[in-house]
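Have a look at the structure below, then the notes.
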Amino acid sequence: MSASLTSPLRILLIEDNPNDARLVRRHLKKSDSALLPAAVEFYHAESLDEGVALATDHTLDLLLLDLGLPESEGPNTYVRAHDQLPQLPIVVLTNLDDDQAAVDLLNQGAQDYLNKQSLNQKNLIRAVRYAIERWERQLELEQYERIVETMDDAALIVNRDLNVVYADNLALNQADLTTEQIDGRPAKEIAERSFATQAAVERYETALTELFQADGQTETRRLEVPIGSVGDDRVLEYQLCPLNRGGEMMAVIVVARDITERRQRLRELRQKTRAIEAAPLGIVLTDPNQEDNPAVYVNDAYQEMSGYSANELLGRNLRYSQGPETAEEPVAELREAIDERLPTTVELRNYRKDGEMFWNRVTVAPVRDNDGELLNFVGFQQDVTEKKRRQEKLETKTEKLEVLSRILRHDIKNDIQLIQGKGQGLLPKLSEPQRDELQQVLQTADHINELTKSSKALIEAVTEAELDTELTRLDTVIQSEIDSASSRFPDADISVSKTLSPTAVMANETLSSVIRNLLNNAVQHNRGEVAVEVHIEEYEDEVRVSVADNGSGVPDEQKREIFGKGEHGLESEGTGIGLYLVNQLVQSYGGEVWVADNDPTGAIFIV
């Protein structure tokens with residue numbers, strides 16, 4: 001229903017007194033008041049039943065109701081009329097001068113209460129006009145209430161008096177009040193029950209007041225308010241939405257949403273964003289849901305690395321960085337991983353904006369939401385050009401070192417074989433003292449021969465980033481090296497603690513150098529009656545080899561340094577590379593080596 005002045009106003013009067021009816025008709029039909037439209041359609045019924053029938057047959061805007069009717073008397077007349085004609089605003093007419101009755105009827109929903117004894121054209125027209133406007137506002141508020149009820153957030157409706165006229169269940173729970181307790185209560189009181197600080201309450205009240213003072217304003221205001229006791233860290237966002245009608249503010253819908261988790265996520269996101277921006281490696285996000293999987297984010301490090309600005313990069317596929325020397329294999333691996341939605345890492349040649357080539361280590365991985373849907377790909381990009389150059393130089397040096405080592409081992413081996421051959425030929429021709437001296441020479445030659453074997457293993461250990469390993473029979477290697485050491489050191493007692501059983505570990509042929517150097521170390525650093533015992537202990541996922549001697553042991557302060565390059569054992573005559581070699585080789589297998597005290601004397605080297 002529209003109550004504009006240009007539309008006819010359709011009024012139904014239910015009144016059994018014809019004189020009163022004629023008076024009301026004259027007041028309304030003869031009025032030239034600006035409060036009423038020019039045309040007024042007037043309907044009259046003498047009973048409630050007749051009035052209900054008229055309302056059924058005609059579209060009406062207002063009901064003027066006499067409480068004293070033939071079939072009904074007093075307030076009950078209003079109740080019956082309201083039940084049967086709920087679509088109409090009702091202005092009550094009565095001869096009763098009863099203020100309490102008036103208040104009760106107004107509380108039940110009557111728009112106004114007029115005493116016939118003081119009725120005149122002016123107060124009747126004003127009552128009609130304002131009754132219709134209040135009714136329209138009430139209908140609109142009820143419509144907003146229905147809308148509010150569908151919201152997932154707590155919501156209130158506050159009138160111009162800053163009182164709450166409606167609250168949904170979430171708002172009631174938040175305030176810990178019932179509908180009866182909250183209805184008509186000042187919005188400030190409700191806020192004081194839940195806001196954490198008085199300052200927040202005052203900001204809320206000020207915002208409401210300013211909205212009502214600026215009639216016609218449509219802009220929604222937002223406030224972030226701490227909730228609960230101080231220290232709870234819960235925050236609600238309050239949206240104050242004006243409800244305007246004809247340029248006048250009718251009410252404000254207050255919608256409260258808990259944004260505590262959202263603020264925390266934003267805080268974490270800002271921290272992550274700052275970390276990404278400050279990261280020393282390039283980071284790129286692409287969107288596989290767009291055509292050609294373009295970049296949607298690049299950090300500063302990637303812009304600096306590529307030479308392109310963000311504006312030049314965003315919206316493009318990153319294949320632009322490939323060039324004539326980019327190998328197809330890593331590109332194909334990247335493409336396959338993206339097609340299969342899998343992570344991968346490759347190294348390939350890329351090109352900067354100025355055309356300079358660089359080596360790029362690229363790791364890509366899919367980013368999915370909680371439901372497993374693919375959102376993005378993240379790419380971590382690192383300039384490894386210098387690393388590649390150092391690696392190439394190292395490989396060149398290693399190749400030269402291996403060639404030199406091979407030549408030296410060949411020449412030394414030939415010379416040693418000559419010394420050993422001549423020496424063995426001289427032994428029968430010499431006296432006993434001379435034979436002893438020659439035996440020392442031959443033992444030294446054997447030692448030099450062992451060093452040439454160790455040098456090959458050492459070069460492999462220090463130049464290979466990762467040695468190839470395979471299942472290797474540990475028991476066979478140990479027995480072979482014990483037999484060889486027993487031949488080299490016939491005066492030493494070298495044994496195993498128990499019969500060796502078939503045992504395999506992940507190693508390679510250099511494992512023999514590990515055992516050989518541990519046995520050499522145990523014998524050469526012992527000046528007494530040498531006793532060396534080898535022990536194997538098998539566990540669920542590892543094997544330990546212990547080489548125990550009865551020498552002077554290793555002081556605690558040297559137990560870690562003894563495996564360093566160039567370190568000599570106590571009173572050692574060796575080169576200092578034996579234990580260093582052991583440590584390097586064992587680490588290359590993924591193992592570790594350490595030294596402990598033997599009981600009562602000596603040391604135990606454990607691999």
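Computed from heavy atoms alone, side chains included, the values below leave out hydrogens, waters and symmetry copies.
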query: Who passes side chain to side chain contact (heavy atoms under 4.5 Å, CB included) against N76, sequence neighbours left out?
result: S72, V79, R80
Main-chain N/O of Q111 paired with R134 side-chain donor or acceptor, under 3.5 Å: yes
query: Considering all heavy atoms of both residues, which atom of L318 and which atom of A295 are nearest to each other, and what is their separation?
result: CD2-CB, 4.2 Å
- prompt: Got a salt bridge between E189 and R193, using NZ or NE/NH1/NH2 to carboxylate O under 4.0 Å?
  reply: no
field: Contact summary for H27 and I125, nearest pair of heavy atoms
entry: O-CD1, 4.1 Å
query: With the threshold set at 4.0 Å, does a side-chain nitrogen-carboxylate oxygen contact exist between R352 and D383?
result: yes
statement: Closest heavy-atom pair, T209 versus L162, reported as atoms and distance to 0.1 Å, is OG1-CD1, 3.6 Å
- prompt: Ring centroid separation for Y308 and Y320, is it under 6.0 angstrom?
  reply: yes
message: Checking E328 against R335 for the salt bridge (charged side-chain N to carboxylate O under 4.0 Å, His left out) test, could you report, in this order, the C-alpha distance in whole Å, the side-chain angles of both residues, the deciding distance, and whether it holds?
response: CA-CA 10 Å; E328 178 59 32; R335 189 181 302 118; 3.7 Å; yes
- request: Could you list all the ring pair (Phe, Tyr, Trp, His ring centres under 6.0 Å) pairs where at least one residue sits in residues 65-94, not counting sequence neighbours?
  value: Y78-H82
message: Strictly by ring pair (Phe, Tyr, Trp, His ring centres under 6.0 Å), give each pair with a member in residues 107-132 just once, sequence neighbours left out.
response: none
field: Electrostatic pair R319:D292 at N-O distance under 4.0 angstrom
entry: yes
query: Less than 4.0 Å between a side-chain N and a carboxylate O, is that true for K353 and E312?
result: yes
